[in-house]
Colleague: 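Before I ask anything, here is the structure I am working with.
Residue numbers run from 1 in the order of the sequence given. Atoms within each ligand, like the ligands themselves, are counted from 1 in listed order.
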Amino acid sequence: MSDVPVERQSMDVDIVCVGFGPATGGFLTELSRRLLNDDGTPRFESKVMPGMPLQVICYERADDIGFGVSGVVTKARGIRSTFPDLDPSQIPMASPVVREKVLYLLDPVGASRRSSALRAADAMLRAFRAALPYEEHALELPFTPEFLHKTGGLVMSIGQFNQWVGSQLMASGTTQIWPGTPVDEALIEDGRVAGVRLLDQGADREGNPDASYMPGMEIRAALTVVGDGPVGPVGRQLNEHFGMPAGHKLRDWAVGAKMVIELPDDTPLEAGAVLHTFGYPEPEIFGFLYVHPERLASVGIFVPSWFDSPVRTSYRYLQHFIQHPYLWRYLQRGTLRSWGAKSIQESGMHGEPYLAGEGYARIGEGSGSTNVLTGSGVDEAWTTGALLAEGVVELLSEGRPFTKENLERAYVGRRRKSWIESEGRVAERARNGFQKGLLTGIFGMALSGLTKGRINMPFEPVQPYDRLPTFEEYYAGRIPPVEIAHIRQECLARGASVHEALMERCGWPRIEHDGKLLVSHQDALLIGGKVQAPSGYADHVVFLYPSLCETCGTRICVEICSGEAITMSPEGSPQFDREKCVHCGACLWNCAQPLEEDAERTNIEFRAGTGGLHSTQN
Ligand SMILES: Cc1cc2nc3c(=O)[nH]c(=O)nc-3n(C[C@H](O)[C@H](O)[C@H](O)COP(=O)(O)OP(=O)(O)OC[C@H]3O[C@@H](n4cnc5c(N)ncnc54)[C@H](O)[C@@H]3O)c2cc1C
Ligand code: SF4
Ligand code: SF4
């Protein structure tokens, strides 16, 4: 990037928001209702445009406000408290939850990597299957643990929900939402966040100006609301600049991948049915199937950071998941309507940053709101935004500025008294058992859930790269190192990742593409989610130190990449294709090499960027 200073335009607003997900949806909805008096006149005057109502603007990176990848099944307590008369039929693809099941999926193909204890348990289940709620290689748990229940809740599409919320906001005339406008960074001046800078347009891949260069505008605001999700660059910039509270770390992650499938005409699945699964395609991979109205289903998996495999491919595993006999009887003859992948920040309150500072507040998943025990993030994110709105209106009414002290009292204080805090505390250490494997993990979750967080497994999360084995270590006893070397060379020559070849070598059946539901990863990018990348922007995935890549054994960035956007060059170094990136952020935390100057960061930088996957059904 050129160091020549550029002249930027500047605009003043009262409140600027980064990202339009459920968190900002909750913030803007609650705020907008309180910005008008009963007679429709503005309640607060703008400080930057005297005589005008409060100026509130939100910038969303993706080309549409219906961007998002999520389940979603949610208790929707926060959402319902904002919309007490909520009628789910008004939200496309939404349905009340009608039944829930938890299933342990056994391995029908014999290829997954199961411990001997798990194999013995599987053998027992098969032997006594006639006496158990067992069908199609799956055991239905006799009950859904209380903490997993979503009774009274909703099945939704996050894309449709965000659009529904956004259209009401825009119609209210109280706030503006600008999609297709990534925020490059926060403006930090003398320890205060003074607004944001938008991303430069008309730049080459390295960020150097070209003929149509347009420097990103500076948007100055009294309050900057950061709701840019789990891997948002502005949230991470604040984490780096202001540091994290003592002991807080971002080390637990998962990449969630899903398909939206149109079910066959004669499907027996009813809207509102919810299935949670574990055990297959690998024991560590959790899955879900949620049924929407009009014969649509969201089907997906989570590949966690504690899955000790260098072949963490979410797309290929998702294809095996949907073909598990228990699910396949419902899904075969279905049609892929959409597809997507996105990171989930699973550290919960372990990863909570400073929630407020001078001139800024953090909301949503990037603020540590996602609950890993209940598997719930949307309602939590929404509620953090709604609580901030209440606090902001209190400060506006009192005529107080958005200082750290005032925001701590008006926002953080509300959050500490809310169910987000009490339930987040219960969940805080619920996942720690997974550091030592699946069975310890399940036991630990049950322990935390049943004791309301009082008793937990003692293991501390470690960085994903610290637990990542090499291919040779992972396949020891199954594939000789010399054969692994040969497979790698052969894949490199074809420019392909190695996971397909290694998985098939270990017994995973080849995926028989049918052009309808089982399609290649490349076809999924084209037909499933429609990946877009407007020209004139710098690459947003950057390999910081090429020398680290040269010595990197696993090159997991290639294996994990949800869009096949990272490939190996013939010389053996990773290369990035912006056209294919779905902005899942998985490369950021999966990279196998920490930075010498900061071991909490990796050799991949994930910056603000445009485009990505576009599907309003996800
Ligand atoms: C596959 C999958 C399944 C899930 N299932 C469930 C479920 O069943 N139930 C549940 O409750 N939760 C579920 N979750 C989690 C849930 O989706 C998240 O917790 C929730 O979306 C978080 O909301 P948010 O508003 O904090 O962030 P996000 O939804 O991530 O929204 C952040 C927004 O900020 C934008 N943004 C990022 N950077 C910038 C920038 N620089 N400039 C401008 N905009 C930016 C992003 O494009 C995005 O739109 C699931 C997640 C995944 C991936
Ligand atoms: S980006 Fe990270 S994982 Fe990929 S080759 Fe470089 S160091 Fe290895
Ligand atoms: S390059 Fe893009 S699609 Fe690939 S892992 Fe990184 S963010 Fe996801």
Colleague: Are any N, O or S atoms from Cys557 nearer to atom 6 (Fe) of ligand 2 than 2.8 Å?
Modeller: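 No - counting backbone and side chain alike, Cys557 has no N, O or S atom under 2.8 Å.
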Colleague: Going through the checks in order, is the side chain to side chain contact (heavy atoms under 4.5 Å, CB included) test met by Glu559 and Phe471?
Modeller: CA-CA 11 Å; Glu559 306 307 319; Phe471 288 114; 4.1 Å; yes
Colleague: Does Ile560 have a non-hydrogen atom less than 4.0 Å from ligand 3?
Modeller: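 No, that is not the case, since the closest heavy atom of the residue is not under 4.0 Å from the ligand.
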Colleague: N/O of Lys342 under 3.5 Å from N/O of ligand 1, yes or no?
Modeller: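 Yes - when backbone and side-chain N and O of Lys342 are compared with those of ligand 1, one distance drops under 3.5 Å.
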Colleague: State plainly whether the residues Arg197 and Asp184 are in salt-bridge range, i.e. N to O under 4.0 Å.
Modeller: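 No, this pair does not count.
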Colleague: So is Gly232 polar-close to ligand 1, meaning N/O to N/O under 3.5 Å?
Modeller: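 Min N/O separation from ligand 1 is not below 3.5 Å for Gly232.
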Colleague: Which residue supplies the protein heavy atom nearest to atom 13 (C) of ligand 1, what is that atom called, and how far is it?
Modeller: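 The answer is Ser70 OG, 3.2 Å.
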Colleague: How close does the nearest protein non-hydrogen atom get to atom 8 (Fe) of ligand 2, and which residue and atom is it?
Modeller: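 Result: Cys552 SG, 2.4 Å.
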Colleague: So which heavy atom in the protein is nearest atom 6 (Fe) of ligand 3, and how far is it from that ligand atom?
Modeller: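 For this ligand atom, the closest protein heavy atom is Cys587 SG, 2.3 Å.
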Colleague: Give the contacting part of Ala23 toward ligand 1: side chain, backbone, both or neither, where contact means a heavy-atom distance below 4.0 Å.
Modeller: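 Both the backbone and the side chain of Ala23 come within reach of ligand 1.
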Colleague: Side chain, backbone, both or neither: which applies to Ile344 and ligand 1 if a contact is any heavy-atom pair less than 4.0 Å apart?
Modeller: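 Contact part for Ile344 vs ligand 1: side chain (C-beta onward).
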Colleague: Which of the numbered atoms in ligand 2 are below 4.0 angstrom from a heavy atom of Asn603?
Modeller: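 Atoms satisfying the 4.0 Å criterion: 6 (Fe), 7 (S).
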Colleague: What is the nearest protein non-hydrogen atom to atom 7 (S) of ligand 3, stated with its residue, atom name and distance?
Modeller: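 That would be Gly585 N, 3.1 Å.
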Colleague: How far is atom 5 (S) of ligand 2 from the closest protein heavy atom, and which atom is that?
Modeller: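 Answer, as residue, atom name and distance: Arg555 CG, 3.6 Å.
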Colleague: For a side chain to side chain donor-acceptor pair (under 3.5 Å) check, start with the C-alpha distance between Gln463 and Glu600, then their side-chain angles and the critical distance, and finish with the verdict.
Modeller: CA-CA 8 Å; Gln463 277 288 13; Glu600 295 300 316; 3.0 Å; yes
Colleague: Report the C-alpha distance between Thr74 and Trp382 in whole Å, list the side-chain angles of each, state the deciding distance to 0.1 Å, and finish with yes or no for side chain to side chain contact (heavy atoms under 4.5 Å, CB included).
Modeller: CA-CA 11 Å; Thr74 173; Trp382 179 275; over 6 Å; no
Colleague: Does a side-chain N-to-carboxylate-O contact under 4.0 Å join Arg601 and Glu597?
Modeller: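 No.
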Colleague: Starting from atom 10 (C) of ligand 1, locate the nearest protein heavy atom and write down its residue, its atom name and how far away it is, to 0.1 Å.
Modeller: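 Closest protein heavy atom to atom 10 (C) of ligand 1: Gly377 N, 3.3 Å.
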Colleague: Is it the side chain (CB and beyond), the backbone, both or neither of Pro233 that lies under 4.0 Å from ligand 1, heavy atoms counted?
Modeller: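 Just the side chain.
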Colleague: Counting from 1, what ligand 2 atoms have a heavy atom of Ala592 closer than 4.0 Å?
Modeller: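 Matching atoms, with element in brackets: 2 (Fe), 3 (S).
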Colleague: Taking only heavy atoms of Pro182 into account, list the atoms of ligand 1 that are under 4.0 Å away from them.
Modeller: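 Heavy-atom distances to Pro182 below 4.0 Å select 42 (N).
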Colleague: For ligand 3, which atoms sit closer than 4.0 Å to a heavy atom of Ile566?
Modeller: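 The list of qualifying atoms is 1 (S).
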Colleague: Would you say Thr24 has any N or O atom under 3.5 Å from an N or O of ligand 1, going by distance alone?
Modeller: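 For ligand 1, there is no N or O atom that lies under 3.5 Å from one belonging to Thr24.
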Colleague: Relative to the heavy atoms of Gly563, which atoms of ligand 3 are at a distance of less than 4.0 Å?
Modeller: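 That gives atoms 3 (S) of ligand 3.
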Colleague: Identify the protein heavy atom lying closest to atom 32 (C) of ligand 1, giving its residue, its atom name and the separation to 0.1 Å.
Modeller: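 I find the closest protein heavy atom is Gly227 O, 3.5 Å.
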Colleague: Under 4.0 Å from a heavy atom of Ser376: which atoms of ligand 1 are those, numbered in the order shown and with their elements?
Modeller: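 Selected atoms, number and element: 10 (C), 11 (O).
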Colleague: What do you reckon, does Val72 have a nitrogen or oxygen under 3.5 Å from a nitrogen or oxygen of ligand 1?
Modeller: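 No, no N or O pair falls under 3.5 Å.
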Colleague: Any idea which atoms of ligand 3 are less than 4.0 Å away from a heavy-atom of Cys561?
Modeller: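 Here the atoms of ligand 3 in question are 1 (S), 3 (S), 4 (Fe), 5 (S).
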Colleague: Cation-pi check, Arg431 to Phe286: give yes when NZ or CZ is under 6.0 Å from the six-membered ring centre and within 45° of the ring axis, no otherwise.
Modeller: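 Arg431 over Phe286 ring: yes.
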Colleague: Examine ligand 1 and decide if any of its atoms is less than 4.0 Å from a heavy atom belonging to Gly300.
Modeller: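 No, that is not the case, since the closest heavy atom of the residue is not under 4.0 Å from the ligand.
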Colleague: Under 4.0 Å from any heavy atom of Pro22, which atoms of ligand 1 are there?
Modeller: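 Near Pro22, the atoms of ligand 1 are 21 (O), 23 (O), 24 (P), 25 (O), 29 (O).
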Colleague: Within ligand 1, which atoms have a heavy atom of Gly21 less than 4.0 Å away?
Modeller: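 In order of number, 25 (O), 31 (O), 33 (C).
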Colleague: When you measure from atom 3 (S) of ligand 3 to every protein heavy atom, which one gives the shortest distance, and what is it?
Modeller: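 Sorting protein heavy atoms by distance from atom 3 (S) of ligand 3 puts Val582 N, 3.3 Å first.
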Colleague: In terms of atom number and element, which parts of ligand 1 are under 4.0 angstrom from non-hydrogen atoms of Pro230?
Modeller: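 The atoms of ligand 1 under 4.0 Å from a heavy atom of Pro230 are 30 (O).
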Colleague: Please could you name the atoms of ligand 3 that Phe606 approaches to less than 4.0 Å, counting only its heavy atoms?
Modeller: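 Those of ligand 3 that fall under 4.0 Å from Phe606 are 7 (S).
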Colleague: What do you reckon, does Phe288 have a nitrogen or oxygen under 3.5 Å from a nitrogen or oxygen of ligand 1?
Modeller: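 In fact, backbone or side chain, Phe288 has no N or O that close.
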Colleague: With a 4.0 Å cut-off on N to O distance, would you call Arg316 and Glu500 a salt bridge?
Modeller: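 Salt bridge: yes.
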Colleague: How are the rings of Trp589 and Trp253 set to each other: parallel, tilted or perpendicular (split at 30° and 60°)?
Modeller: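 Answer is parallel, since the angle falls under 30°.
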Colleague: What do we get for Ile158 next to ligand 1 when only non-hydrogen atoms under 4.0 Å count, side chain, backbone, both or neither?
Modeller: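 Only the side chain of Ile158 comes within reach of ligand 1.
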Colleague: Under 4.0 Å from any heavy atom of Ile556, which atoms of ligand 2 are there?
Modeller: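 What qualifies from ligand 2 is 3 (S).
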Colleague: For atom 48 (C) of ligand 1, which candidate among His540, Glu365, Lys75, Glu60 holds the nearest heavy atom?
Modeller: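 Closest candidate by heavy-atom distance is Glu60.
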Colleague: If you have a sec, work out which protein heavy atom is nearest atom 2 (Fe) of ligand 3 and how many Å separate them, to one decimal?
Modeller: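 Ranking protein heavy atoms by distance from atom 2 (Fe) of ligand 3, first comes Cys581 SG, 2.3 Å.
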Colleague: Need the ligand 2 atom indices (1-based, order shown) with element for anything under 4.0 Å from a heavy-atom of Ile604.
Modeller: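 Checking each atom against Ile604, I get 1 (S).
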Colleague: For Phe302, is the nearest heavy atom under 4.0 Å from an atom of ligand 1?
Modeller: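 The answer is yes: ligand 1 sits under 4.0 Å from a heavy atom of Phe302.
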Colleague: So for ligand 1, is Val183 a polar contact partner (N or O within less than 3.5 Å, distance only)?
Modeller: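 Such a contact does occur with ligand 1.
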Colleague: Checking Glu423 against Lys75 for the salt bridge (charged side-chain N to carboxylate O under 4.0 Å, His left out) test, could you report, in this order, the C-alpha distance in whole Å, the side-chain angles of both residues, the deciding distance, and whether it holds?
Modeller: CA-CA 13 Å; Glu423 294 184 9; Lys75 275 191 179 168; 5.9 Å; no
Colleague: What are the atoms of ligand 1, with element, lying closer than 4.0 Å to any heavy atom of Gly71?
Modeller: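 Those of ligand 1 that fall under 4.0 Å from Gly71 are 2 (C), 3 (C), 4 (C), 5 (N), 6 (C), 8 (O), 50 (C).
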Colleague: Indicate yes or no: does an N/O atom of Thr181 lie under 3.5 Å from an N/O atom of ligand 1?
Modeller: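 Such a contact does not occur with ligand 1.
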Colleague: Residue-level breakdown please: for Tyr290 versus ligand 1, do any non-hydrogen atoms fall below 4.0 Å on the side chain, on the backbone, on both, or on neither?
Modeller: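 Under 4.0 Å from ligand 1, Tyr290 contributes side-chain atoms alone.
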Colleague: Mind checking whether Tyr315 and Trp339 have parallel, tilted or perpendicular rings, split at 30° and 60°?
Modeller: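 Aromatic pair Tyr315/Trp339 classed perpendicular.
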Colleague: State the atoms of ligand 2, each with its element, that fall below the 4.0 Å cut-off from a heavy-atom position in Gln593.
Modeller: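 The atoms of ligand 2 under 4.0 Å from a heavy atom of Gln593 are 7 (S).
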Colleague: Is Arg415 salt-bridged to Glu421, going by a charged N under 4.0 Å from an acidic O?
Modeller: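 No salt bridge links Arg415 with Glu421.
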Colleague: As an exercise, identify every atom of ligand 1 less than 4.0 angstrom from a heavy atom of Gly256.
Modeller: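 Checking each atom against Gly256, I get 1 (C).
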Colleague: Using a 4.0 Å heavy-atom threshold (strictly under), name the region of Thr370 that reaches ligand 1: side chain, backbone, both or neither.
Modeller: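 Only the side chain of Thr370 comes within reach of ligand 1.
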Colleague: Before accepting this row, confirm whether a basic side-chain N of the pair Glu365/Lys342 lies closer than 4.0 Å to the acidic partner's carboxylate O.
Modeller: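 No, no charged N to carboxylate O under 4.0 Å.
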